[in-house]
Amino acid sequence: MRSKIIILGFAIFFSSIGNASEKLTISLKDAISIALFNNPNIKNANNNLEVAKRNLEAIYKKHQLNVALESKAQKKRSKTSLASSTQDTYLTSLGSTWSKITPSSGLLTLSQGYGLSKNKIPSSEKFLSNPFISIELNQPLSREGRLQQRLPFINGEEEFKLANIDYRLTEEQLVFDVINNYYQLIRIKRLVKQTEEQVNLSKQLLKWTESRLKLGYVPKLDVMNAQMQLSCDRDFLIQAQEEKGGSQRKLLQLLGLNEDIEIELNEEIEAMVLNENIDKSIDEAIKNSPEVQKAEIELLQIKRNIDIAKSINKPTLIIS
């Protein structure tokens with residue numbers, strides 16, 4: 001589906017460059033696909049979703065088993081004024097560290113390494129080795145403390161969920177706007193066509209009334225009424241044409257297309273019959289509603305912040 005949208009978007013893009021005055025015939029499904037491909041709000045929402053996804057992956061990588069090797073070489077030279085001698089010191093260290101959140105939400109950290117130093121003075125050289133290893137477990141004893149220890153995971157997952165919900169909301173709003181403007185433009189085009197026919201009828205009526213006036217069959221007042229009717233119909237036609245232009249520009253803006261393009265719409269009304277009762281439909285709407293899901297996550301965040309705030313004075317066990 002994604003590839004189809006991309007191909008359709010490129011086809012419309014290049015066709016609009018080649019001939020901006022050419023009519024573009026699209027169906028409602030085509031309009032929705034083009035809008036989803038071109039609309040900047042969808043692109044921004046998708047970018048935010050990708051950023052939230054990468055941030056979540058980074059959080060998991062940070063708290064999984066990580067090995068970091070560090071090495072450094074340092075040279076120091078000191079000269080004593082009394083003995084008038086020099087001493088060169090070389091330092092090198094190599095170590096590894098990993099940390100992991102345990103199933104009980106404790107932070108377990110292991111560090112190990114090996115340090116080597118070399119002291120060189122004019123009379124001798126001395127090597128010193130310093131191996132080291134350390135283990136530390138930071139284990140909160142309270143439920144709220146354990147919750148705070150896992151807070152980066154929880155926040156990352158919720159930010160990803162919220163970004164996904166925002167994307168869905170943006171997508172749904174765009175689809176709704178496209179459908180609404182699509183059928184609105186169809187309605188206005190039909191209205192313009194009907195008004196044009198009414199103007200033609202008013203012109204014929206005026207000519208017929210003027211001819212009857214010449215024959216003395218009608219008073220001059222009938223001609224004035226026919227002229228007034230034609231003037232009103234022309235004014236109504238101008239308003240309908242202006243409304244048509246504004247509606248078409250709005251639809252092209254939603255589709256992300258050049259406003260100079262003239263579009264022709266497939267005026268078939270697409271409808272779908274749902275064989276669902278009202279109670280089941282309401283339950284499904286509440287279950288799948290992005291707004292409800294977003295409100296539930298925000299409520300959980302508020303409750304969690306309250307629980308964490310209560311854990312300030314509760315104990316934490318540290319074993320080294």
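One is the number of the first residue; the rest follow in order along the sequence. All values below were derived from every heavy atom in this structure, side-chain atoms included, with hydrogens, water molecules and symmetry-related copies excluded.
- Between Gln149 and Asn138, some side-chain heavy-atom pair lies under the 4.5 Å cut-off.
- Residues Asp30 and Ser33 have side chains that never bring a donor and an acceptor to within less than 3.5 angstrom of each other.
- Using modelled atom types, one finds no donor on one side chain facing an acceptor on the other under 3.5 Å when comparing Glu50 with Tyr167.
- A donor-acceptor contact shorter than 3.5 Å is absent between the side chain of Asn46 and the backbone of Ile42.
- For the residue pair Asn225 / Gln229, no side-chain donor-acceptor distance below 3.5 Å is found, with atom types taken as modelled.
- Of the possible polar contacts, none joining the Ser247 side chain to the Glu243 backbone as a donor-acceptor pair under 3.5 Å is found.
- Linking ILVMFWY residues whenever their side-chain heavy atoms come closer than 4.5 Å, directly or via other members, places Phe160 and Phe153 in the same cluster.
- Using a 4.5 Å heavy-atom threshold, the side chains of Glu136 and Leu108 count as separate.
- Here the CG atom belonging to Leu185 is positioned 11.5 Å from the CZ atom belonging to Arg249, to the nearest 0.5 angstrom.
- Remark: the backbone N or O of Ala35 is not paired with any side-chain donor or acceptor of Asn39 at under 3.5 angstrom.
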(message) Go through it in stages, so that I can follow the logic: the residues are Asn41 and Thr170, the test is side-chain hydrogen bond (donor to acceptor under 3.5 Å, both in side chains), and I'd like the CA-CA distance, side-chain angles, deciding distance and then a yes or no.
(response) CA-CA 7 Å; Asn41 293 333; Thr170 305; over 6 Å; no
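- Within the 4.5 Å cutoff, the side chain of Ser111 has heavy atoms near those of the Thr109 side chain.
- Inter-residue side-chain proximity for Leu137 and Leu107 is flagged as unmet; no heavy-atom pair is nearer than 4.5 Å.
- Of the inter-residue distances, the one linking Lys244 atom NZ with Thr195 atom OG1 reads 11.0 Å to the nearest 0.5 angstrom.
- Looking at Asn305, its side chain does come within 3.5 Å of a backbone N or O of Gln301 through a donor-acceptor pair.
- Within the 4.5 Å cutoff, the side chain of Lys161 has no heavy atoms near those of the Glu296 side chain.
- In summary, the side chains of Arg146 and Gln139 do not present any donor paired with an acceptor at a separation below 3.5 Å, with no hydrogens or angles considered.
- Using a 4.5 Å cut-off between side-chain heavy atoms of Ile, Leu, Val, Met, Phe, Trp and Tyr, with links allowed through other members, Tyr183 and Ile188 fall into different hydrophobic clusters.
- Partners of Phe176 by side-chain contact (heavy atoms from CB on, under 4.5 Å), not counting sequence neighbours, listed by chain and number: Gln173.
- Inspection of the Asp222 and Thr209 side chains reveals no N or O donor paired with an N or O acceptor under 3.5 Å.
- Residues Asp166 and Lys294 are paired through a salt bridge, judged by an N-O separation under 4.0 Å between the basic side chain and the carboxylate.
- Note on Leu201 and Leu205: separate hydrophobic clusters, where clusters join Ile, Leu, Val, Met, Phe, Trp and Tyr whose side-chain heavy atoms are under 4.5 Å apart, directly or indirectly.
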(request) Step by step, work out the salt bridge (charged side-chain N to carboxylate O under 4.0 Å, His left out) result for Glu210 and Lys220. (result) CA-CA 8 Å; Glu210 288 175 343; Lys220 189 175 182 179; over 6 Å; no
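- In this structure, the separation between NZ on Lys193 and CZ on Arg190 is 9.5 Å, given to the nearest 0.5 Å.
- Leu265 and Leu191 are not part of a single hydrophobic cluster, where members link through side-chain heavy atoms under 4.5 Å apart.
- Looking at heavy atoms from C-beta onward, Ile261 lies in side-chain contact with Asn258 at the 4.5 angstrom threshold.
- Going from atom CG of Asn181 over to atom CG of Leu252 covers 10.5 Å, rounded to the nearest 0.5 Å.
- In this structure, Glu158 pairs ionically with Arg304, as a charged nitrogen and a carboxylate oxygen lie closer than 4.0 Å.
- No side-chain heavy atom of Gln184 sits under 4.5 Å from any side-chain heavy atom of Lys250.
- Annotation: side chain of Leu174 is not in contact with side chain of Ile32 (no heavy-atom distance under 4.5 Å).
- When hydrophobic clusters are built by joining Ile, Leu, Val, Met, Phe, Trp and Tyr residues whose side-chain heavy atoms come closer than 4.5 Å, directly or via intermediates, Ile179 is grouped together with Leu255.
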